[in-house]
Amino acid sequence: VGAIEGRRIHYVPEEGLLLPVEALVPPDPQGVIVLLDECDRREDIDWQIQRASEGLLVLRPDLRGWGEMQPDQDWADREGWSRNLYDDRRRKLYALAQLAGRNLARDRVRDVRALLNVAQALAPGKDISIEGRRQGAWVALLTGLADARVKRLALERYLCSFRDVLHHEV
């Protein structure tokens, strides 16, 4: 996209875990924005391009249980895919995490805080913002509260009514 360079990078937030990140790097970044959403980081590419065209270095990770890092699903009932996608997978993922003694929200916040180190290395001295959608907004909020390096937060679609869930998620 013009002079914007696209990179696929990986980082290690804890030993034994390698997380993928898509980075869009303009020639002279004015700041850094981390985009968080539970869908695959390779989706919503327009979201990433829009922020990069605003002069921001864009980092779009797949955190634990999201995108490339989500558990595989083999749905015998293809007609029930949305029920499986939005209910079954999340329930299994959170249940498995709890059984393993892990808290996914806390782990994801740690992942993002480790990504902030990468952001500082790629754009030293630049302000860091986080924009989160859906479950990504919750992680963005918790990260912003836990880490003073986050200067701005934008949260989308993380508080919604039951009607919103029925109309937008299924």
Side-chain angles (χ1 to χ4, degrees), residues 1-73 89-90 93-94 96-98 100-159:
V1 180
I4 297 171
E5 177 187 351
R7 300 180 192 168
R8 179 181 177 144
I9 59 177
H10 292 83
Y11 72 107
V12 180
E14 69 179 43
E15 187 176 338
L17 180 63
L18 183 69
L19 294 178
V21 179
E22 298 298 327
L24 294 180
V25 185
D28 182 27
Q30 303 304 305
V32 178
I33 190 159
V34 177
L35 302 177
L36 300 176
D37 193 354
E38 60 192 301
C39 67
D40 192 303
R41 73 187 184 292
R42 295 164 292 191
E43 295 178 18
D44 291 339
I45 191 71
D46 293 343
W47 188 28
Q48 298 170 51
I49 291 170
Q50 178 185 359
R51 296 300 181 263
S53 67
E54 295 168 1
L56 299 171
L57 184 148
V58 177
L59 298 175
R60 177 82 159 84
D62 274 348
L63 301 180
R64 301 166 205 236
W66 293 348
E68 193 176 302
M69 305 305 295
Q70 68 190 353
D72 291 332
Q73 291 288 313
R89 180 170 46 205
R90 285 185 187 153
L93 184 63
Y94 284 96
L96 287 171
Q98 290 298 319
R102 302 300 296 242
N103 179 306
L104 277 179
R106 185 176 53 231
D107 287 346
R108 288 171 179 160
V109 169
R110 276 195 223 117
D111 295 346
V112 175
R113 293 185 75 193
L115 182 58
L116 298 182
N117 296 332
V118 174
Q120 287 182 315
L122 291 172
K126 302 295 183 182
D127 283 351
I128 300 173
S129 302
I130 301 179
E131 185 174 345
R133 291 180 177 171
R134 295 177 284 263
Q135 287 187 19
W138 181 239
V139 175
L141 178 62
L142 294 175
T143 303
L145 292 172
D147 200 309
R149 294 177 290 180
V150 178
K151 301 300 181 200
R152 281 175 294 287
L153 287 172
L155 311 175
E156 291 183 52
R157 295 181 269 174
Y158 80 106
L159 293 176

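All figures in this text were calculated on a predicted structure; none of them were measured in a lab.
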Original post:
Taking only residues two or more places apart in sequence or in another chain, which ones pass salt bridge (Lys or Arg N to Asp or Glu O under 4.0 Å) with Glu14?
Top reply: Arg64, Arg102

**OP:** For Ala140 and Leu155, work out which heavy atoms get closest and say how close.
**Re:** CB-CD2, 3.9 Å

Subject >> Geometric cation-pi criterion, Arg60 with Trp47: 6.0 Å, 45° >> reply: no

Subject >> For Leu145, side-chain contact (heavy atoms from CB on, under 4.5 Å) partners two or more places apart >> reply: Leu141

Original post:
So which heavy atom on Pro20 is nearest to which on Arg8, and how close?
Top reply: CB-NH2, 3.7 Å

Subject >> Set of side-chain contact (heavy atoms from CB on, under 4.5 Å) partners for Glu54, sequence neighbours left out >> reply: Gln50, Arg51, Leu56

**OP:** Starting at CG of Asp37, measure out to CG of Leu63 and round the result to the nearest 0.5 Å.
**Re:** 10.5 Å

Original post:
Is there side-chain contact between Pro61 and Leu115, with heavy atoms separated by less than 4.5 Å?
Top reply: yes

Subject >> Exercise: identify the closest heavy-atom pair between Leu19 and Pro13 >> reply: CD1-CG, 3.6 Å

Original post:
Looking only at heavy atoms, which two atoms of Gly6 and Leu24 are closest? And how far apart?
Top reply: CA-CD2, 3.8 Å

Subject >> Heavy-atom side-chain proximity of Leu17 to Asp111 below 4.5 angstrom >> reply: yes

Subject >> Contact list for residues 23-35, test side-chain hydrogen bond (donor to acceptor under 3.5 Å, both in side chains), sequence neighbours left out >> reply: none

Original post:
CG of Leu35 to CD1 of Ile130: how many Å apart, nearest 0.5 Å?
Top reply: 10.0 Å

Identify each donor-acceptor pair in which a side-chain atom of residues 116-126 lies under 3.5 Å from a protein atom, sequence neighbours left out, and give them as a table.
residue, atom, partner, partner atom, Å
Asn117, OD1, Arg149, NH1, 2.5
Gln120, OE1, Arg149, NH1, 3.1
Lys126, NZ, Pro29, O, 3.4

**OP:** Quick one: pull up CD in Gln48 and CD1 in Ile4 and give me the separation to the nearest 0.5 Å.
**Re:** 11.0 Å

Subject >> Nearest heavy atoms of Ala105 and Leu142, plus distance in Å >> reply: CB-CD1, 4.4 Å

Original post:
Between atom CD1 of Ile33 and atom CG of Asp127, what is the distance when rounded to the nearest 0.5 Å?
Top reply: 11.5 Å

Original post:
Which atom pair, heavy atoms only, marks the closest approach of Arg113 to Ala146?
Top reply: NH2-O, 3.4 Å

Original post:
Could you state the interatomic distance from CG (Asp147) to CZ (Arg110), rounded to the nearest 0.5 Å?
Top reply: 13.5 Å

**OP:** Could you pull out all residues at least two apart from Ala154 that satisfy side-chain contact (heavy atoms from CB on, under 4.5 Å)?
**Re:** Glu131

